[in-house]
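See structure below.
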Amino acid sequence: MPARRLGMFLVICAPSGAGKSTLIKKLCAEFPAISFSVSATTRAPRQGERPGIDYHFLSREEFLAWREAGKLAEWAEVHGNFYGTPIAPVKDALAAGRDILFDIDVQGADQLRDSLGRDGAYIYILPPSRAELYRRLSGRGTDSPEVVAKRLAAAQGELAQAPLFDYWVENAELDAAYGDLKAIYLAERRRPGRHPDFLGELLAQWEAAV
Ligand code: 5GP
């Protein structure tokens with residue numbers, strides 16, 4: 001479509017171990033027009049994570065200062081650390097007609113429904129079963145059995161929130177799940193409301209051609 005398109009936002013949530021990060025990386029790699037919203041967090045960087053690219057790594061005091069200054073569109077405590085979405089890059093991306101993707105938890109999604117509204121696409125990635133989620137979480141080999149048990153219990157609580165989302169993607173097999181996610185993104189981009197000038201330009205062309 002030739003005319004200007006408005007930027008849109010995608011909110012992607014999933015229980016830990018559902019494969020969310022892999023799906024998000026694939027989508028951002030295929031569609032460079034999507035900006036990834038870099039969250040602030042108080043958790044320590046993991047091996048290979050880059051400050052300012054994967055997360056803004058803050059002390060608890062810095063995080064609270066950002067929160068008090070109104071710099072966060074939403075924030076939540078997840079697995080004992082604070083996480084939050086800086087608001088300025090979101091405003092910049094949407095104003096410039098770029099899409100922006102949020103990798104956040106269900107508490108954050110809830111707050112964004114209030115602050116940004118429902119005009120984005122709220123997508124929930126579902127693990128195919130409890131047994132498979134357990135297999136994936138314990139197969140990582142990075143977490144103790146207690147941490148795995150905590151994440152499974154948290155997943156069960158989170159799944160109760162899944163009906164609040166616009167779309168579900170079941171990640172039983174990566175390529176199929178990615179196909180679904182891409183289809184949702186492409187369909188969302190085609191909504192008439194995201195192309196305010198398109199019909200006017202098309203009709204003007206028709207009139208000019210008569
Ligand atoms: P991790 O520490 O494994 O990178 O992320 C843990 C959880 O925190 C994930 O579910 C992730 O989506 C969530 N998370 C990351 N950034 C944010 C954020 O800015 N806000 C909220 N509410 N959750 C976040």
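By convention here, the first residue in the shown sequence is residue 1. As a basis for the values below, the full set of heavy atoms in this structure was taken, side chains included, without hydrogen atoms, waters or symmetry mates. Bear in mind the structure is a predicted one, so any value in this text is a computation, not a measurement.
Counting heavy atoms from C-beta on, the side chains of I100 and F36 never come closer than 4.5 Å. Under the 4.5 Å side-chain criterion, counting only non-hydrogen atoms from C-beta, L101 is in contact with L27. Looking only at side-chain heavy atoms (C-beta outward), V38 and T85 stay at 4.5 Å or farther from each other. Using a 4.5 Å cut-off on side-chain heavy atoms (C-beta onward), T41 and F57 make contact. Residues F102 and F9 have side chains in contact (heavy-atom distance under 4.5 Å, counting atoms from C-beta outward). R140 places none of its side-chain heavy atoms less than 4.5 Å from the side chain of V148. You'll find the side chain of L186 reaches within 4.5 Å of the side chain of K182, heavy atoms only. A heavy-atom distance below 4.5 Å is not found between the side chains of H56 and S39.
Taking CD1 from I12 and CG from D103, the interatomic distance works out to 7.5 Å, rounded to the nearest 0.5 Å. The structure places CG of D105 at 8.5 Å from CD of Q111, a figure rounded to the nearest 0.5 Å. Here the CZ atom belonging to F198 is positioned 9.5 Å from the CG atom belonging to L203, to the nearest 0.5 angstrom. Note: D180 CG to N171 CG = 9.5 Å, rounded to the nearest 0.5 Å. Note that CG of L126 and CZ of F165 are 10.0 Å apart. Values are rounded to the nearest 0.5 Å.
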Evaluation steps, side-chain contact (heavy atoms from CB on, under 4.5 Å), between D110 and E74:
CA-CA 9 Å; D110 221 26; E74 60 75 34; over 6 Å; no

Stepwise, does the side-chain contact (heavy atoms from CB on, under 4.5 Å) test hold for E173 with D175?
CA-CA 6 Å; E173 196 273 314; D175 286 343; 3.7 Å; yes

Any chance you could lay out the salt bridge (Lys or Arg N to Asp or Glu O under 4.0 Å) test for D54 and R46, step after step, and finish with the verdict?
CA-CA 10 Å; D54 298 296; R46 294 190 186 120; over 6 Å; no

Given the rule in the salt bridge (Lys or Arg N to Asp or Glu O under 4.0 Å) test, do K150 and E146 qualify, once you have shown the distances and angles that lead to the verdict?
CA-CA 6 Å; K150 257 194 198 162; E146 293 74 38; over 6 Å; no

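Classification of the W75-F82 ring pair by plane angle, with boundaries at 30° and 60°, yields perpendicular.
Grouping the Ile, Leu, Val, Met, Phe, Trp and Tyr side chains by contacts below 4.5 angstrom, directly or via other members, places L94 with V11. Note on Y122: it clusters hydrophobically with L159, by side-chain heavy-atom contacts below 4.5 Å among ILVMFWY residues. M8 and Y167 fall within the same hydrophobic cluster, where Ile, Leu, Val, Met, Phe, Trp and Tyr residues are linked whenever their side-chain heavy atoms come under 4.5 Å apart, directly or through other members. Both L10 and V169 are assigned to one and the same hydrophobic cluster, defined by single-linkage of ILVMFWY side chains at heavy-atom distances under 4.5 Å.
In summary, R118 and D166 engage in a salt bridge, as defined by a charged side-chain N under 4.0 Å from a carboxylate O. Residues R5 and D99 are paired through a salt bridge, judged by an N-O separation under 4.0 Å between the basic side chain and the carboxylate. Salt-bridge formation is detected for the pair E49/R43: a Lys NZ or Arg NE/NH1/NH2 atom is positioned less than 4.0 Å from an Asp or Glu carboxylate oxygen. Using a 4.0 Å cut-off between charged side-chain N and carboxylate O, E30 and K26 make no salt bridge. Look at D119 and R194 and you find a salt bridge, because one of the NZ, NE, NH1 or NH2 atoms lies within 4.0 Å of a carboxylate O, short of that distance.
Between the side chain of W168 and the backbone N or O of A162 there is at least one donor-acceptor pair closer than 3.5 Å. Remark: the backbone N or O of R189 is paired with a side-chain donor or acceptor of H195 at under 3.5 angstrom. The closest donor-acceptor contact from the side chain of E62 to the backbone of S59 lies under 3.5 Å.
Of all non-hydrogen atoms in P128 and A172, the two that sit nearest each other are CG-CA, 3.8 Å. Across all their heavy atoms, T42 and R60 have their closest contact at CG2-CA, 3.8 Å.
Taking Y185 as the reference, F31 meet the ring pair (Phe, Tyr, Trp, His ring centres under 6.0 Å) condition, with sequence neighbours excluded.
Inspection of the R151 and S16 side chains reveals an N or O donor paired with an N or O acceptor under 3.5 Å. Between Q161 and Y124, the side chains place no donor N or O within less than 3.5 Å of an acceptor N or O (distance only, hydrogens not considered).
Crowding of Q156 atom CD: a count of heavy atoms from other residues, nucleotides or ligands under 6.0 Å not exceeding 12.
Cation-pi geometry between R130 and Y134 is not satisfied (NZ or CZ under 6.0 Å from the ring centre, within 45° of the ring normal).
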